[in-house]
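Okay, so here's the structure we're looking at.
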Amino acid sequence: MRITVCLTDNRPDPWVSGLRAALPGADIENWEPGSPPADHAVVWMPPQAFIDDQLALRGLFNIGAGVDALLGLKLPPQTRIVRLDDAGMSVQMAEYVCHALIRHFREFDAYEVEARAGRWTFRKPRSRGDFPVGIMGLGVLGERVAKAVAQFDFPVNGWSRTPKAIDGVRNFVGAESFDDFLAASRVLVCLLPVTPETRGVLRCENLLKLNGGKPGGYVINVARGAHLVEDDLIPLLDAGQLAGATLDVFEQEPLPGDHPYWRHPKINVTPHGSARTLRDESIAQIAGKIRALESGVGFDALPGVVDAGRGY
Ligand code: NAP
Ligand code: GLV
């Protein structure tokens, strides 16, 4: 069995050596133009030129959860895309979202300003019942985040395409329930995949529906920059309709140094690191799936196999 590795923006050597240790019988190399075709590939944002060399490819294993960068590629007909299924990401995402939510709810940024000035001042306690959290996407990451947020006694709403039963989470299903979901939520967390249906979902028209249309909504985007219509955000913040935003993902990454988000007082920016790929966990997961396939298990029995028609 031959496995090729093609990782844009990542050092391939530790992946190649880790995969060799996990799959001792396999022939595993970093891809170079003209390399022989492989049975499986381990990739991050590979160019079409890489795919064009892979006529026999069966499994295209992404070292991330989001597969938007792969769905635009022209793949051989038999190739299936397999994404990371958690592999240590969901706990990181739960930490990140709870941190952003609590930082906002408890007004820790304002406390920090006071502390820097040496002032011992309190802010009036706020009721968490007034801060219902809406989580868009209740998949591998969204479900873990929803459960973590519910542990802090916030009311939690979750929006998904198909029904879910998650303790402590009120589920809104499908496009027809979207407006009700937005109206019932004050803090909005985006954990959707990018698909034709979800691109631009964080746009003015929808953000105005948060919190029953009243001012005070807060946005946490940890999914993809393409979900947010970037030009819509700052006017809503400056008008006081939205109270703030924590953004981890952007239309252009790295976020350009002169982008207004960096310096806006109501926006917190992080560099697409809310849930990092953990190499050891990811190699173990991918190697386990390749072993299963080689032992005769079909793709449809594996977690994380992407439905190209659905887009995630
Ligand atoms: P997932 O397991 O595929 O979950 C996706 C969820 O979105 C599912 O609950 C799905 O509903 C829902 N959904 C999809 N289309 C929808 C629509 N049109 N309307 C309503 N709900 C819809 O994905 P995941 O592993 O949780 O990851 C989610 C995304 O997070 C990834 O695609 C990636 O872009 C992003 N991500 C970001 C980072 C980071 O560091 N910032 C790290 C990892 C992942 P159903 O369950 O009903 O199908
Ligand atoms: C990171 O953004 C991922 O999709 O894993």
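Here the structure is a predicted model, which is why all the values come from computation and not from measurement. Numbering of ligands and ligand atoms starts at 1, following listing order. If you read the sequence from its start, that first residue is 1, and numbering goes on from there.
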* **For atom 21 (N) of ligand 1, closest protein heavy-atom neighbour** => Arg161 N, 3.2 Å
* Using a strict 4.0 Å cut-off to heavy atoms of Glu197, name the atoms of ligand 1 that fall inside it. => 18 (N)
* To do: Show your reasoning for whether side chain to side chain contact (heavy atoms under 4.5 Å, CB included) applies to Met136 and Phe181.
  => CA-CA 9 Å; Met136 305 164 77; Phe181 163 79; 3.6 Å; yes
* For atom 5 (C) of ligand 1, which candidate among Gly304, Pro193, Ser177 provides the closest heavy atom? -> Pro193
* Is it true that the side chains of Tyr96 and Thr270 contain a donor and an acceptor less than 3.5 Å apart? -> yes
* Atom indices of ligand 1, in the order listed, that fall short of 4.0 Å to a heavy atom of Ser160 -> 11 (O), 20 (C), 21 (N), 47 (O)
* Non-hydrogen atom of Arg276 closer than 4.0 Å to ligand 2 -> no
* Per-atom contacts of ligand 1 with Val249, taking only distances under 4.0 Å to non-hydrogen atoms -> 41 (N)
* Asked: Quick one: does Asp68 get an N or O within less than 3.5 Å of an N or O on ligand 1?
  -> no
* **Sub-4.0 Å heavy-atom contact, Met89 with ligand 2** => yes
* Could you list the atoms of ligand 2 found under 4.0 angstrom from a heavy atom of His272? => 1 (C), 2 (O)
* List every atom of ligand 1 that sits less than 4.0 Å from any heavy atom of His272, numbering the atoms from 1 in the order shown and giving each element. => 39 (C), 40 (O), 41 (N)
* To do: Considering heavy atoms of the protein only, find what lies nearest to atom 8 (C) of ligand 1 and give residue, atom and distance to 0.1 Å.
  => Gly139 N, 3.7 Å
* Structure fact -> If we number the atoms of ligand 1 from 1 as shown, the ones under 4.0 Å from a heavy atom of Trp159 are 19 (N), 20 (C)
* For Ala65 and ligand 1, does the shortest N/O to N/O distance drop below 3.5 Å? -> no
* For Ser274, counting its heavy atoms only, list the atoms of ligand 1 lying under 4.0 Å from any of them. => 39 (C), 40 (O), 41 (N)
* Distance to 0.1 Å, residue and atom name: give those for the protein heavy atom nearest to atom 44 (C) of ligand 1. => Leu141 CD1, 3.4 Å
* **Axial cation check for Phe131 ring with Arg186, 6.0 Å and 45° limits** => yes
* Where the closest heavy atom to atom 25 (O) of ligand 1 is concerned, which of Met89, Arg83, Glu143 has it? -> Arg83
* Structure fact -> The atoms of ligand 1 lying under 4.0 Å from a heavy atom of Asp248, numbered in the order shown, are 39 (C), 40 (O), 41 (N)
* Asked: Run the salt bridge (Lys or Arg N to Asp or Glu O under 4.0 Å) check on Glu107 and Arg126 step by step: do they pass?
  -> CA-CA 9 Å; Glu107 302 184 89; Arg126 310 205 274 190; 3.8 Å; yes
* Should we say atom CZ of Arg310 is surrounded by more than 12 heavy atoms from elsewhere, each under 6.0 Å from it? -> yes
* Atoms in ligand 2 flagged as close to Ala65, the criterion being non-hydrogen separation under 4.0 Å -> 3 (C), 4 (O), 5 (O)
* Asked: What residue and heavy atom of the protein are closest to atom 37 (C) of ligand 1, and at what distance?
  -> Val222 O, 3.1 Å
* Evaluation steps, salt bridge (Lys or Arg N to Asp or Glu O under 4.0 Å), between Lys147 and Asp167 -> CA-CA 7 Å; Lys147 287 176 173 165; Asp167 273 353; over 6 Å; no
* **Ring centers of Phe154, Phe105 separated by less than 6.0 Å** => yes
* To do: Enumerate the atoms of ligand 1 whose separation from the nearest heavy atom of Arg224 is less than 4.0 angstrom.
  => 33 (C), 34 (O), 35 (C), 36 (N), 37 (C)
* Asked: Are side-chain N/O atoms of Asp53 and Trp31 paired as donor and acceptor at under 3.5 Å?
  -> yes
* Cationic N near anionic O, under 4.0 Å, Arg58 to Glu294 -> yes
* Asked: Should the heavy atoms of other residues, nucleotides or ligands under 6.0 Å from CZ of Phe152 be counted, would the total exceed 12?
  -> no
* Kindly indicate whether the side chain of Thr246, heavy atoms from C-beta on, has any atom under 4.5 Å from the side chain of Arg103. => no
* **Side-chain heavy-atom pair Val140, Arg83 within 4.5 angstrom cut-off** => yes
* Asked: Would you say Gly64 and ligand 2 have an N/O pair spaced under 3.5 Å apart?
  -> no
* Identity and distance of the protein heavy atom lying nearest atom 31 (C) of ligand 1 -> Gly66 CA, 3.8 Å
* ILVMFWY network linking Met89 to Val82, side-chain heavy atoms under 4.5 angstrom -> yes
* Asked: Would you say Arg224 has any N or O atom under 3.5 Å from an N or O of ligand 2, going by distance alone?
  -> yes
* **Salt-bridge present (Asp232, Arg203; N to O < 4.0 Å)** => no
* Nearest protein heavy-atom contact for atom 28 (C) of ligand 1: which residue, which atom, what distance? -> Leu191 O, 3.4 Å
* Structure fact -> closest protein heavy atom to atom 48 (O) of ligand 1 is Tyr312 OH, 2.5 Å
* Any N or O on Arg276 sitting closer than 3.5 Å to an N or O of ligand 1? -> no
* Considering only protein heavy atoms, which is closest to atom 13 (N) of ligand 1, and at what distance to one decimal place? -> Leu192 CD2, 3.6 Å
* To do: Using atom types as modelled and distance alone, determine if a side-chain donor or acceptor of Ser282 lies under 3.5 Å from a backbone N or O of Ile63.
  => no
* Asked: When hydrophobic residues are tied together by side-chain contacts of less than 4.5 Å, even through go-betweens, does Trp159 share a cluster with Val133?
  -> no
* Asked: Side chain, backbone, both or neither: which part of Val194 comes within less than 4.0 Å of ligand 1 when only heavy atoms are counted?
  -> neither
* To do: Consider ligand 1: state whether an atom of it lies below 4.0 angstrom from any non-hydrogen atom of Lys164.
  => yes
* **Worked check of side chain to side chain contact (heavy atoms under 4.5 Å, CB included) between Met1 and Ile290** => CA-CA 10 Å; Met1 173 186 42; Ile290 291 177; 3.5 Å; yes
* To do: Kindly confirm or rule out an N or O of Thr195 lying under 3.5 angstrom from an N or O of ligand 1.
  => no
* Short list, please: which atoms of ligand 2 are under 4.0 Å from a heavy atom of Gly66? -> 3 (C), 4 (O), 5 (O)
* Do ligand 1 and Ala275 have nitrogen or oxygen atoms that lie under 3.5 Å from each other? -> yes
* ligand 1 and Met93, any nitrogen or oxygen pair closer than 3.5 angstrom? -> no
* To do: Verify salt bridge (Lys or Arg N to Asp or Glu O under 4.0 Å) between Glu29 and Arg20, making sure each step is shown before the conclusion.
  => CA-CA 9 Å; Glu29 298 291 346; Arg20 283 181 182 152; 3.3 Å; yes
* To do: Please check if any side-chain donor atom of His259 sits under 3.5 Å from a side-chain acceptor atom of Gln252, or the reverse.
  => no
